[in-house]
Number of protein chains: 2
Amino acid sequence: MSIDAFLQTHRVPRLSSEERSALEGAIARTVRYDARAVIVRENVPLRQCTLLLKGFIHRYKMTTDGKRQILAFHIPGDFVDLHSYPLKHLEHSVAASTAVEVAVFPHAAVRELTAQSTRITEVLWRSTLVDAAINREWMVSIGARGAAARVAHLFCELQLRLDRIGGSDRDGFDLPMTQADLADALGLTPVHTNRMLRELREQGLAEFRDHHVTIGDFGRLREFADFDPGYLFFD
Amino acid sequence: MSIDAFLQTHRVPRLSSEERSALEGAIARTVRYDARAVIVRENVPLRQCTLLLKGFIHRYKMTTDGKRQILAFHIPGDFVDLHSYPLKHLEHSVAASTAVEVAVFPHAAVRELTAQSTRITEVLWRSTLVDAAINREWMVSIGARGAAARVAHLFCELQLRLDRIGGSDRDGFDLPMTQADLADALGLTPVHTNRMLRELREQGLAEFRDHHVTIGDFGRLREFADFDPGYLFFD
DNA sequence: CGCTGCCTTGAGGATGTTCAATGTCTGTGG
DNA sequence: CCACAGACATTGAACATCCTCAAGGCAGCG
């Protein structure tokens, strides 16, 4: 049952129950990490991938002058570093945003899965490519959208992704990051992120307080953010 | 022989001559496009992928208010939209930067390849993930590097990628884009890009003139740009 | 010629950053 | 129970970076 969220996130193509249990069977073990623990360090050879079961994870890269760019936020059901299977190592690091529980898939088990079923292979491959599509949309946000829209766009994305796995509540969702984390994801400073959050709040678009995002009117936020969910590939 | 550049870009794992010819055999035909032709339009169902043989291609996405973010530049040997195979359609568009020649791989042929050889599958999967790694590095550039370093970083990347396929010359490489194209890739305005190019020129780091980039001292440019080629996965 | 596309430069302004100070909350140790 | 430290949020003021608007230059081309 531990891969339910993964399957919800990637509905296409549907897998048979044999395929589902083959996937489940590839899990070697589950592991817990404390908040802020570094799960994968860049450039270290890897022999396993991790699927996130509980909590939040982020991926990031540091520049020489000490700036951190957060590359992705991951929620339960995300195959956080499946791309380490074809790549053998990662060029960025992976860390726990909160206390997390992950399922470990040894590369050897992934290899067996792909040898046995081209359908499973396509589902796995596809999931790495949806991550890439999200990366690209973030490029658009950081490169071409103003700061306030950038914050709003991230909130829209997380709302929909969390909806899909039952991780949201009536009027928003829990977001365990700090404003400084958001800033590093959005290519802004913490100070300016704070001001943009105030603007969203004053305009009644969204509020971020006590690690919870409250969205009054999703349609209005979506329009403000220039948000089109197509890139999430929920088909 | 048309996939030589692809194999040079993705040296690992090495393929047997049977695997190479299987890859070659999956090519249905080659097609030419004029400069600026749109090769793939976003959200249109696709039944084939294109491998770039000659010329330059870029991928891009438009925002509602008319800004264009260029997501990637492709050079010969790049499997431009292989990710359309697992995804079935793209969330962005693909266009020819110059007159180009591409090899067409029907999705059905890719499916046969993956059914026959897990090694080929891994090579193809890997190539889509190297593209994603480049996307992530661009996120770092746009989000965390100053404008001048951003331009320099792009030049470093293209130099190394072109070196690998024999597309560079002694002191630089041909780059058919306009300054406005570079601007849209870097998240800058054309005016500011122009000023950053002047700065690089005045500092003796790099010169962009007549669609040619001349790099005096790669080491110095690399340091200026905070460039680390690890993300290109040339192992 | 007189377009058109692209590059270049200047001046002024918007957006986002930096630096610094203050407030709040929480956990910790005396 | 209180004092204190640390992490995070918030605000102001000055500043840097990058953008916008506008004009002019140059080359290629019908």
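The basis for the numbers below is simple: all heavy atoms, side chains too, and nothing from hydrogens, waters or symmetry mates. Below, read A as the first sequence line, B as the second, and so on, with proteins coming before strands; counting in each chain starts at 1.
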Q: State whether the side chain of A/His89 and the backbone N or O of A/Asn43 hold a donor-acceptor pair below 3.5 Å, judged by distance alone.
A: no
Q. Is a side-chain donor or acceptor of A/Asp78 paired with a backbone partner of A/Leu52 at a separation under 3.5 angstrom?
A. no
Q: Would you classify A/Leu197 as touching base, sugar-phosphate or nothing, given that sugar-phosphate means primed atoms plus P, OP1 and OP2, and contacts are heavy atoms under 4.0 Å?
A: nothing
Q: Under 4.0 Å between any heavy atoms, over every strand shown, what does A/Arg36 touch: base, sugar-phosphate, or nothing? Just pick one.
A: sugar-phosphate
Measure the distance from [atom1] on [X] to [atom2] on [N] and round it to the nearest whole Å.
{"X": "B/His211", "N": "C/dC6", "atom1": "NE2", "atom2": "P", "result": "8 Å"}
{"X": "B/Asp210", "N": "C/dC7", "atom1": "CG", "atom2": "C1'", "result": "11 Å"}
{"X": "A/Arg195", "N": "D/dT11", "atom1": "CZ", "atom2": "P", "result": "9 Å"}
{"X": "A/Leu186", "N": "C/dT15", "atom1": "CG", "atom2": "C1'", "result": "15 Å"}
{"X": "A/Leu188", "N": "C/dA14", "atom1": "CG", "atom2": "C1'", "result": "15 Å"}
{"X": "A/Glu199", "N": "C/dT15", "atom1": "CD", "atom2": "P", "result": "9 Å"}

Check every atom of [options] against the side chain of [X] and return the nucleotide holding the closest atom.
{"X": "B/Val191", "options": "D/dG12, C/dC7, D/dC21", "value": "D/dC21"}
{"X": "B/His192", "options": "D/dC18, D/dT11, C/dA11", "value": "D/dC18"}
{"X": "A/Gln179", "options": "D/dT10, D/dA22, D/dA7", "value": "D/dT10"}

Q.
Angle between ring planes, A/Phe227 versus A/His153, binned at 30° and 60°: parallel, tilted or perpendicular?
A. perpendicular
Q: Can you label the angle between the B/Phe73 ring and the B/His58 ring as parallel, tilted or perpendicular, going by 30° and 60°?
A: perpendicular
Q.
Determine whether a donor-acceptor pair (one donor, one acceptor, N or O, separation below 3.5 Å) exists between the side chain of A/Arg150 and the base of C/dG16.
A. no
Q: Write down the atom of A/Asp184, the atom of A/Gln69, and the distance for their closest heavy-atom approach.
A: O-NE2, 3.1 Å
Q. Does OP1 or OP2 of C/dT9 have a side-chain N or O of B/Arg198 closer than 4.0 Å?
A. yes
Q: Check whether any side-chain nitrogen or oxygen of B/Asn194 sits under 4.0 Å from OP1 or OP2 of C/dC7, and answer yes or no.
A: no
